[in-house]
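Since the structure comes first, as structure tokens, the remarks are kept for the end.
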Amino acid sequence: MKVGFGCDHTAIELKKILMDHLKEKGYECVDYGAYDPNVKVNYPEPGLKVAEAIMRGEVEKGVLLCGTGIGISLAANKVPGIRAAVCSEPYSAMMTAKHNASQIIAMGARVVGNELAKMILDAFFNTEFEGGRHAERVQKICDIEAKYSRTE
Ligand code: RB5
């Protein structure tokens, strides 16, 4: 599976650790920045890049990191069709893959330690979407999006 990674300046080290972790497991990782911890990057930019890469089919899933994971997930969630979930423990990461069909896991580099982040990542990537009644609920999220995307 191809996975897109994006972060702001606060999370460059964690991004590298998590990319290496997934690569060891055979995933192909694409880095959408940021690259330099000394250059401040506004989190909506990498959030948008990874979300759009998913919608274009360039990568299947994404990992987004900022100080809290919140800002970058909020930005990604503005892209129609994207479901990005910010998680600080493995249970929620597993459940959002299983019930919400989230394509993006977001984390805060100032919130979680490196080892916990790896566990969260594993919980997310080792879990399949369950479908069934959960697909109907995800569809209702898409309906809300469609309602507010109409121009008339
Ligand atoms: C950057 O200082 C910080 O605001 C950002 O990384 C993130 O935590 C925003 O949600």
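Because the structure is predicted, anything quoted here is derived from the model rather than measured.
Around atom CD of Glu89, more than 12 heavy atoms belonging to other residues, nucleotides or ligands sit under 6.0 Å away. More than 12 non-hydrogen atoms from other residues, nucleotides or ligands lie less than 6.0 angstrom from CE of Met1. No more than 12 heavy atoms of other residues, nucleotides or ligands shown are found within 6.0 angstrom of CD on Glu128.
Gln103 places a side-chain N or O within 3.5 Å of a backbone atom of Gly81 that can act as its donor or acceptor partner. A donor-acceptor pair is defined here as one N or O able to donate and one able to accept, closer than 3.5 Å; no such pair exists between the side chain of Thr96 and the backbone of Ala93. Checking side-chain atoms of Asp31 against main-chain N and O of Gly33 turns up a donor-acceptor pair under 3.5 Å. Side-chain atoms of Tyr27 do not come within 3.5 Å of backbone N or O of Lys25 as any donor-acceptor pair. No donor-acceptor pair closer than 3.5 Å links the side chain of Asn100 to the backbone N or O of Ser102. Under a 3.5 Å cut-off, the side chain of Arg110 and the backbone N or O of Thr10 do not form any donor-acceptor pair.
Applying the side chain to side chain contact (heavy atoms under 4.5 Å, CB included) rule to Glu130 yields the partners Lys98, His99, His134; only residues at least two apart in sequence or on another chain are considered. For the side-chain hydrogen bond (donor to acceptor under 3.5 Å, both in side chains) test, no residue two or more places apart in sequence or in another chain qualifies with Asn77.
Look at Asp20 and Lys16 and you find a salt bridge, because one of the NZ, NE, NH1 or NH2 atoms lies within 4.0 Å of a carboxylate O, short of that distance.
Side-chain atoms of Phe125 and Val3, non-hydrogen and from C-beta on, do get closer than 4.5 Å to each other. Annotation: side chain of Met107 is in contact with side chain of Ile120 (closest heavy-atom distance under 4.5 Å). Between Pro37 and His9, every side-chain heavy-atom pair lies at or beyond the 4.5 Å cut-off. The closest side-chain heavy-atom distance from Lys78 to Leu74 is not below 4.5 Å.
With rounding to the nearest 0.5 angstrom, the SG atom of Cys66 is 5.5 Å from the CG atom of Asp8. For the atom pair CE of Met94 and SG of Cys87, the computed distance is 11.0 Å after rounding to the nearest 0.5 Å. Within the model, atoms CZ of Phe5 and NZ of Lys15 stand 9.0 Å from one another, a figure rounded to the nearest 0.5 Å. From Ser73, atom OG reaches atom CD1 of Ile105 across 10.0 Å, with rounding to the nearest 0.5 Å. Of the inter-residue distances, the one linking Met19 atom CE with Leu65 atom CG reads 10.5 Å to the nearest 0.5 angstrom.
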Audit row: Arg133, Glu136, salt bridge (charged side-chain N to carboxylate O under 4.0 Å, His left out) steps and yes/no = CA-CA 5 Å; Arg133 69 184 189 281; Glu136 291 167 28; over 6 Å; no
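Considering all non-hydrogen atoms of both residues, Val41 and Cys7 come closest at CG1-O, 4.5 Å. Heavy-atom minimum distance, Leu22 versus Leu121: CG-CD2, 3.6 Å.
Val63 and Ile70 fall into different hydrophobic clusters, where Ile, Leu, Val, Met, Phe, Trp and Tyr residues are linked whenever their side-chain heavy atoms come under 4.5 Å apart, directly or through other members. Linking Ile, Leu, Val, Met, Phe, Trp and Tyr residues whenever their side-chain heavy atoms come within less than 4.5 Å leaves Met119 and Leu18 in two separate clusters.
Considering Lys140, Lys147, Gln139 as possible partners of Asp143, the one that fulfils the side-chain hydrogen bond (donor to acceptor under 3.5 Å, both in side chains) test is Gln139.
Members clustered with Ile72: Val30, Tyr32, Tyr43, Leu48, Val50, Ile54, Met55, Val59, Leu64, Val79, Ile82, Ile104, by chain and number, using a 4.5 Å side-chain heavy-atom cutoff among hydrophobic residues.
Between His21 and Asp122, the side chains place a donor N or O and an acceptor N or O closer than 3.5 Å (distance only, hydrogens not considered).
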